[in-house]
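Have a look at the structure below, then the notes.
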Amino acid sequence: MEKMIVALTGQSGAGKSSLGRYFVSKGYTVIDCDKVAKDIHRNTECQKALCENFGEDVVKDGKVDKVLLSQRAFADAESLKKLTEVTHPFIISDILLKIDTAIENGERIVIVDGAVIIGHDFEKYCDKFIVVTCDREKQYERLIVRDNITLEQARNRIAKQTKLETMLSKADFVVYNNGTQQEMENQGDYILRTLNKM
């Protein structure tokens with residue numbers, strides 16, 4: 001049986017991280033792209049590239065000022081694109097290292113949890129795609145509660161993300177996360193059983 005890299009993706013508030021935690025509880029390695037991205041900010045080469053693109057003051061005392069960086073990176077589409085171009089090579093390289101480690105440890109299926117996979121550089125490394133989605137109103141509601149933001153901010157955030165239609169066009173599995181945690185886990189179990197038969 002060949003190794004398999006499975007992308008777990010979906011827009012903010014859809015619930016992909018909840019499904020990721022469930023997969024971890026079933027003994028699978030799930031690499032969290034957000035966590036890798038946060039850790040990558042400690043990389044001195046990455047910090048240097050951020051300073052060159054977003055101003056020397058985004059790094060203070062060897063640490064990235066995430067608030068300032070966010071303000072500048074999310075100012076417009078061009079800046080956000082620039083942030084992706086600067087950080088993604090570092091993030092991808094780290095994720096691939098983690099995948100190699102998991103496979104060396106005898107794992108066959110490695111799951112990568114990230115919102116920015118489909119339509120971006122990491123997509124080519126993935127064998128299968130799980131897309132988590134839910135009703136738009138529920139998505140807004142979850143984001144407002146989770147991140148303590150307004151409805152307007154929630155709408156703006158989702159509008160800037162990869163379109164759901166684009167994600168669904170690549171999906172091998174779609175998880176509809178409108179119901180209970182148990183209903184989502186049942187869908188997750190079905191996916192794991194299917195992947196293990198491949």
Side-chain angles (χ1 to χ4, degrees), residues 3-14 16-21 23-24 28-105 107 110-132 143 146-149 153-154 156-163 166-167 170:
K3 69 179 173 67
M4 201 184 294
I5 298 168
V6 180
L8 170 59
T9 192
Q11 294 179 326
S12 292
K16 68 178 176 52
S17 297
S18 299
L19 186 58
R21 285 190 292 276
F23 288 152
V24 169
Y28 290 82
T29 291
V30 177
I31 297 162
D32 181 344
C33 293
D34 284 347
K35 188 176 182 317
V36 172
K38 284 185 184 115
D39 292 346
I40 226 71
H41 284 165
R42 297 195 191 106
N43 179 310
T44 50
E45 287 300 308
C46 183
Q47 287 185 355
K48 195 170 143 209
L50 288 170
C51 287
E52 283 165 10
N53 286 279
F54 294 98
E56 293 291 329
D57 55 345
V58 297
V59 176
K60 296 184 182 114
D61 305 321
K63 281 184 183 159
V64 172
D65 181 337
K66 287 177 186 165
V67 175
L68 189 60
L69 179 62
S70 291
Q71 282 169 355
R72 290 178 186 169
F74 285 90
D76 52 63
E78 196 50 47
S79 302
L80 196 55
K81 186 167 173 276
K82 179 57 73 182
L83 179 69
T84 303
E85 284 166 3
V86 169
T87 56
H88 271 211
F90 294 103
I91 293 168
I92 288 171
S93 155
D94 200 39
I95 291 169
L96 292 174
L97 268 175
K98 286 176 165 45
I99 289 169
D100 286 345
T101 304
I103 287 162
E104 279 164 21
N105 290 337
E107 295 186 45
V110 182
I111 299 162
V112 180
D113 169 355
V116 189
I117 295 179
I118 291 171
H120 295 273
D121 291 345
F122 190 72
E123 184 185 319
K124 64 175 179 277
Y125 296 102
C126 301
D127 303 301
K128 298 289 172 193
F129 297 87
I130 303 167
V131 175
V132 182
L143 270 181
R146 189 189 76 189
D147 296 347
N148 195 21
I149 57 176
Q153 287 170 313
N156 286 341
R157 188 176 298 183
I158 289 167
K160 285 182 178 146
Q161 294 184 343
T162 306
K163 287 192 168 26
T166 307
M167 290 184 175
K170 288 291 297 187

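Since this is a predicted model, take the numbers as computed values, not measurements.
With hydrogens and angles ignored, the 3.5 Å screen pairs no side-chain donor or acceptor of Ser93 with any backbone N or O of Pro89. With Thr9 contributing its side chain and Gly114 its backbone, the two residues share a donor-acceptor pair below 3.5 Å. Asp94 places no side-chain N or O within donor-acceptor distance of the main-chain N or O of Phe90, the cut-off being under 3.5 Å.
Remark: Asp32 CG to Lys98 NZ distance equals 10.5 Å, nearest 0.5 Å. Atoms OG1 and CD1, from Thr29 and Ile99 in turn, are 10.0 Å apart once rounded to the nearest 0.5 Å. Considering CD1 of Ile158 and CD of Gln11, their distance stands at 6.0 Å, rounded to 0.5 Å. For the atom pair CD1 of Ile91 and CD1 of Ile31, the computed distance is 13.0 Å after rounding to the nearest 0.5 Å. Atom-to-atom distance recorded for Gln153:CD and Asn148:CG is 9.0 Å, nearest 0.5 angstrom. Here NZ of Lys35 is found 12.5 Å from CG of Asp113. Values are rounded to the nearest 0.5 Å.
What you find for Thr87 and Cys46 is that their closest heavy atoms are CG2-SG, 4.2 Å. Residues Val59 and Cys51 come closest through the heavy atom pair CG2-SG, 3.5 Å. In this structure, Val30 and Gly20 approach most closely via the heavy-atom pair CG2-O, 3.6 Å. Closest approach of Cys33 to Val112, counting heavy atoms only: SG-CG1, 3.5 Å. Residue Ser12 comes nearest to Arg157 through the heavy atom pair OG-CD, 4.3 Å, listed as atom of the first residue, atom of the second, then distance.
When side chains are defined from C-beta on, Lys16 does not count as touching Leu19, because their heavy atoms never get closer than 4.5 Å. Here the side chains of Leu96 and Phe122 are in contact, with some heavy-atom distance below 4.5 Å. Between Ile117 and Phe129 there is a side-chain heavy-atom pair separated by less than 4.5 Å. Counting heavy atoms from C-beta on, the side chains of Ile130 and Phe23 come closer than 4.5 Å. His88 places a side-chain heavy atom less than 4.5 Å from the side chain of Val116. Between Ser79 and Asp76 there is a side-chain heavy-atom pair separated by less than 4.5 Å. With a 4.5 Å cut-off on side-chain heavy atoms, Val24 and Ile111 do not count as touching. Using a 4.5 Å heavy-atom threshold, the side chains of Thr162 and His120 count as touching.
By the side chain to side chain contact (heavy atoms under 4.5 Å, CB included) test, Asp127 pairs with Met4, Ile5, sequence neighbours left out.
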### Message
Let's go through Leu83 and Leu69 carefully: what are the C-alpha distance in whole Å and the side-chain angles of both, what is the deciding distance for side-chain contact (heavy atoms from CB on, under 4.5 Å) to 0.1 Å, and is it a yes or a no?
### Response
CA-CA 9 Å; Leu83 179 69; Leu69 179 62; 4.2 Å; yes
### Query
Step by step, would you call Lys81 with Glu85 a salt bridge (charged side-chain N to carboxylate O under 4.0 Å, His left out)?
CA-CA 6 Å; Lys81 186 167 173 276; Glu85 284 166 3; 3.1 Å; yes
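A salt bridge links Asp57 with Arg72: the distance from a Lys NZ or Arg NE/NH1/NH2 to an Asp or Glu carboxylate oxygen falls below 4.0 Å.
Sparse packing is recorded around NZ of Lys163, with 12 or fewer heavy atoms of other residues, nucleotides or ligands lying under 6.0 Å away.
Screening residues 40-50 for side chain to side chain donor-acceptor pair (under 3.5 Å) gives Asp39-Arg42 as the qualifying pairs, with residues at least two apart or on separate chains.
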